[in-house]
Amino acid sequence: AEQLVASGHAYPCFCTPQRLAEVRKLQQQRREPPRYDGLCRRLDPAEAAQRRANGESAVIRFKTPREGETVSVDLLRGEIRVENASLDDYILLKSDGLPVYHLAAMVDDHLMDITHVLRGSEWLPTFPLHVLIYQALGWEQPIWVHLSVFLNPSGKGKLSKRHAQGKDKGAGGVYVTDLQAQGYLPEAINNWTALMGWSLDDHTEFFPMSDLIESFSLERLNPSPAAVNFSKLDHFNGLHIRGLPLEALVARIKPYFEAAKLELPIGEDLLLRIAPLIQERIRTLDEAVEMAGFFFSSTVDPDPNELVGKKMTPAESAQAVRRAVQAIEAVESFSSAALEQGLRELAEELDLTAGQLFGILRAAITGQRVSPPLMESMEILGRSLVLERLRQADQALQKVAAAE
RNA sequence: GCCCCCAUCGUCUAGUGGACCAGGACGUGGCCCUCUCAAGGCCAAAACCGGGGUUCGAAUCCCCGUGGGGGCACCA
């Protein structure tokens with residue numbers, strides 16, 4: 001700042017905040033743009049220096065040229081020309097001796113040999129000032145890149161905490177920690193955000209981080225603002241979940257099962273068998289618990305109405321359950337293939353569709369109306385647990401039948 | 001109010017003068033597959049903000065509107 005004062009590019013200003021406020025107020029009344037009126041700019045430099053030496057409180061302002069225009073070059077937008085007359089004499093150094101961003105960032109970047117400055121487009125209005133500072137100091141400018149801001153999903157206003165609600169999830173959020181809690185993968189979030197304002201070509205959308213690092217280029221950045229689309233985040237999350245090796249998926253979903261405080265211990269061996277069943281069925285990691293939580297409960301508690309098969313009575317459903325128990329007891333190797341064969345034969349024998357019978361069994365065994373594939377789930381659960389749950393379903397159904 | 005930026009389907013985008021009666025993705029609707037739900041496959045609806053130019057020719061270049069966004073602190 002002192003260097004700029006010495007070279008005539010800046011000057012001390014003794015105006016009080018109160019006077020500044022009054023000037024501003026007057027300008028607003030006259031519908032003029034609020035700007036410093038230049039009182040101290042006209043001071044004799046020697047006199048100003050003396051007042052400072054006497055300990056008078058002052059800030060240092062940039063002496064913005066009154067004439068001409070400043071040409072700033074943004075990599076994405078090209079030349080941005082601004083009339084210097086529309087610029088203010090910005091404060092560079094506060095009266096407490098601390099520099100404001102405008103000065104600090106320029107000096108810092110230069111001293112650290114920064115070659116590319118990538119920042120939000122909210123800096124565009126003060127971009128000419130920054131260029132002027134570089135020029136006044138006689139420094140070579142970095143390459144400037146102003147990234148467009150993200151807009152709220154509605155496209156109204158920039159993304160805010162309040163409006164950044166995940167449509168599909170209800171909770172949403174702009175903090176990565178929020179997104180993480182909701183089961184979003186860091187790589188999916190990166191992929192999603194990378195594609196807002198940037199694209200590689202016409203068809204590539206799925207980017208693992210390594211590909212992103214390899215393919216990203218400043219030149220293909222887009223200067224227009226982008227409204228965030230949370231359903232697209234869901235899509236990318238599903239893509240990245242499906243791209244995960246099983247072991248990695250297990251490691252990712254385990255914390256969500258643990259957080260759910262389920263009845264049975266969360267064993268990795270068990271999760272490893274469950275993972276392939278749910279991998280293509282979940283969009284967020286926390287959904288793994290909704291989908292497969294029943295594996296970690298000793299009993300399930302289905303709604304008795306869900307146990308009744310389509311177009312069937314409770315008594316008929318109970319009968320089907322009992323026959324299924326027999327069929328399952330009769331299966332020699334407790335495998336999904338053997339179970340499926342036995343149960344399909346049973347359905348045919350009972351004159352039921354596979355959908356009818358499996359629907360009843362699904363509710364009885366998983367306690368859910370939506371679940372991973374039934375046969376595979378049964379195989380993982382084991383024969384005794386499956387039979388136990390079916391017997392409980394039988395009893396529940398008999399109660400319903402008796403009540404009718 | 002003043003200054004700056006931006007402008008292709010609802011959303012993210014491809015498109016840098018002719019290859020575009022505009023392509024992809026998400027979402028939406030339909031069909032197929034199917035034990036539920038997904039995943040997957042196929043199909044459909046859906047856009048060049050408006051007006052002037054420049055040009056043989058404009059989504060692409062220029063101007064003016066309009067719309068949207070951002071900024072106008074001794075914040076960053």
Side-chain angles (χ1 to χ4, degrees), chain A residues 13 15-17 20-21 24 27-28 30-35 57-61 72 74 76-77 80-83 85-88 90-102 104-105 119-128 146 148-151 153-158 167-168 192-193 195-206 220 222-236 238-239 241-242 277-283 287 290-291 340 343-344 347 353-363 366 368-377:
Chain A
C13 172
C15 295
T16 62
L20 261 20
R24 216 171 340 226
Q27 287 167 330
Q28 275 171 3
R30 279 179 271 161
R31 306 223 155 162
E32 289 170 5
R35 264 201 287 269
S57 179
V59 300
I60 302 293
R61 285 183 183 275
S72 316
D74 175 86
L76 310 182
R77 286 159 256 256
I80 296 172
R81 316 181 86 95
V82 179
E83 292 291 332
S86 74
L87 267 22
D88 201 355
Y90 300 92
I91 288 172
L92 262 22
L93 201 69
K94 299 189 281 179
S95 59
D96 63 5
L98 288 174
V100 299
Y101 171 88
H102 302 306
R119 33 138 66 159
S121 67
E122 60 267 31
W123 292 106
L124 241 22
T126 46
F127 184 19
H146 292 87
S148 66
V149 294
F150 285 174
L151 270 25
S154 64
K156 298 277 181 193
K158 63 176 174 180
K167 169 171 75 173
D168 297 7
W192 175 58
T193 52
L195 258 29
M196 284 189 278
W198 179 83
S199 63
L200 178 61
D201 50 41
D202 197 7
H203 55 273
T204 318
E205 290 231 306
F206 179 74
R220 293 196 59 87
N222 187 327
S224 57
V228 300
N229 182 345
F230 282 100
S231 65
K232 197 144 188 172
L233 205 213
D234 285 347
H235 168 70
F236 279 121
L239 245 34
I241 284 177
R242 275 171 256 139
L277 265 37
I278 61 173
Q279 185 163 32
E280 63 187 27
R281 267 168 256 267
I282 57 176
R283 311 203 97 195
E287 285 173 1
E290 299 165 32
M291 185 69 77
E340 178 155 11
L343 290 171
R344 280 191 188 280
T353 64
Q356 281 176 304
L357 180 61
F358 293 0
I360 298 169
L361 301 183
R362 166 171 286 105
T366 70
Q368 301 167 188
R369 96 194 295 163
V370 172
S371 82
L374 226 208
M375 304 306 151
E376 284 81 351
S377 297

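To find a chain, count down the sequence lines: A is the first, B the second, and so on, and within it residues start at 1.
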Let me know the distance between [atom1] of [X] and [atom2] of [N], rounded to the nearest Å.
{"X": "A:Leu277", "N": "B:C35", "atom1": "CG", "atom2": "C1'", "answer": "13 Å"}
{"X": "A:Phe236", "N": "B:U11", "atom1": "CZ", "atom2": "C1'", "answer": "12 Å"}
{"X": "A:Trp198", "N": "B:A14", "atom1": "CH2", "atom2": "C1'", "answer": "13 Å"}
{"X": "A:Arg77", "N": "B:C4", "atom1": "CZ", "atom2": "C1'", "answer": "10 Å"}
{"X": "A:Glu287", "N": "B:A38", "atom1": "CD", "atom2": "P", "answer": "11 Å"}
{"X": "A:Glu83", "N": "B:C72", "atom1": "CD", "atom2": "C1'", "answer": "17 Å"}
{"X": "A:Asp234", "N": "B:U28", "atom1": "CG", "atom2": "P", "answer": "11 Å"}
{"X": "A:Ile241", "N": "B:C37", "atom1": "CD1", "atom2": "P", "answer": "20 Å"}

Measure from the side-chain heavy atoms of [X] and tell me the nearest of [options].
{"X": "A:Val100", "options": "B:A76, B:C4, B:C26", "value": "B:A76"}
{"X": "A:Ser371", "options": "B:U36, B:C74, B:C6", "value": "B:U36"}
{"X": "A:Asn222", "options": "B:C12, B:G70, B:A14", "value": "B:A14"}
{"X": "A:Ser199", "options": "B:A14, B:A25, B:C35", "value": "B:A14"}
{"X": "A:Pro373", "options": "B:A39, B:A25, B:C35", "value": "B:C35"}
{"X": "A:Ser95", "options": "B:C74, B:C3, B:C6", "value": "B:C74"}
{"X": "A:Glu376", "options": "B:U36, B:C35, B:A39", "value": "B:C35"}
{"X": "A:Phe358", "options": "B:C74, B:C35, B:G10", "value": "B:C35"}
{"X": "A:Met196", "options": "B:C74, B:C12, B:G71", "value": "B:C12"}
{"X": "A:Pro34", "options": "B:A73, B:G68, B:C26", "value": "B:A73"}

Reckon [X] touches a base, only the sugar-phosphate, or nothing at all at heavy-atom distances under 4.0 Å?
{"X": "A:Gly197", "answer": "sugar-phosphate"}
{"X": "A:His146", "answer": "nothing"}
{"X": "A:Leu195", "answer": "sugar-phosphate"}
{"X": "A:Gly120", "answer": "nothing"}
{"X": "A:Gln27", "answer": "nothing"}
{"X": "A:Pro128", "answer": "nothing"}
{"X": "A:Ile80", "answer": "sugar-phosphate"}
{"X": "A:Arg35", "answer": "nothing"}
{"X": "A:Trp123", "answer": "base"}
{"X": "A:Glu205", "answer": "base"}
{"X": "A:Arg220", "answer": "sugar-phosphate"}

Euclidean distance, A:Ser224 OG relative to A:Arg77 CZ, rounded to 0.5 Å
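One finds 9.0 Å between CZ of A:Arg77 and OG of A:Ser224.
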Between CZ on residue A:Phe236 and CG on residue A:Asn229, distance to nearest 0.5 Å:
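Here the interatomic distance stands at 9.5 Å.
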Using the [atom1] atom in both, what is the distance from [N] to [M], to the nearest Å?
{"N": "B:G18", "M": "B:U28", "atom1": "P", "value": "36 Å"}
{"N": "B:C12", "M": "B:A47", "atom1": "C1'", "value": "13 Å"}
{"N": "B:A58", "M": "B:C63", "atom1": "C1'", "value": "15 Å"}
{"N": "B:A45", "M": "B:C72", "atom1": "C1'", "value": "45 Å"}
{"N": "B:A14", "M": "B:C31", "atom1": "P", "value": "34 Å"}
{"N": "B:G67", "M": "B:C74", "atom1": "P", "value": "32 Å"}
{"N": "B:C37", "M": "B:U13", "atom1": "C1'", "value": "31 Å"}
{"N": "B:C43", "M": "B:U16", "atom1": "C1'", "value": "33 Å"}

Using a 4.5 Å cut-off on heavy atoms from C-beta on, say whether the side chain of [Y] contacts that of [X].
{"X": "A:Tyr90", "Y": "A:Thr126", "answer": "yes"}
{"X": "A:Met196", "Y": "A:Phe150", "answer": "yes"}
{"X": "A:Lys94", "Y": "A:Pro99", "answer": "no"}
{"X": "A:Arg362", "Y": "A:Gln368", "answer": "no"}

Paired nucleotide for [N] [Watson-Crick or G-U wobble; both distances under 3.5 Å]:
{"N": "B:U66", "value": "B:A7"}
{"N": "B:C2", "value": "B:G71"}
{"N": "B:C21", "value": "none"}
{"N": "B:C37", "value": "none"}

If you compare every side-chain N and O of [X] against the phosphate oxygens of [N] (OP1, OP2), does one of them come in below 4.0 Å?
{"X": "A:Lys94", "N": "B:C75", "answer": "yes"}
{"X": "A:Lys158", "N": "B:G68", "answer": "no"}
{"X": "A:Arg242", "N": "B:G40", "answer": "yes"}
{"X": "A:Arg30", "N": "B:C2", "answer": "no"}

Side-chain donor/acceptor contact of A:Ser121 with base of B:C5 under 3.5 Å:
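No.
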Has the side chain of A:Arg362 got a donor or acceptor that lies under 3.5 Å from a partner of the other kind on the base of B:C35?
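Checked by distance alone, the answer is yes.
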Verify the neighbour count for atom CZ of A:Arg369: are there more than 12 heavy atoms of other residues, nucleotides or ligands below 6.0 Å?
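Result for CZ/A:Arg369: open.
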Would A:Thr204 and A:Asp201 count as having a side-chain donor-acceptor pair, cut-off 3.5 Å?
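On atom types as modelled, these side chains qualify, holding a pair under 3.5 Å.
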Lys/Arg-Asp/Glu bridge criterion (N-O < 4.0 Å) met for A:Glu205, A:Lys232
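Yes.
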Say whether, by atom type as modelled, one donor and one acceptor occur between the side chain of A:Arg35 and the main chain of A:Ser86 under 3.5 angstrom.
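Checking the backbone N and O of A:Ser86 against the side chain of A:Arg35, a donor-acceptor pair under 3.5 Å is found.
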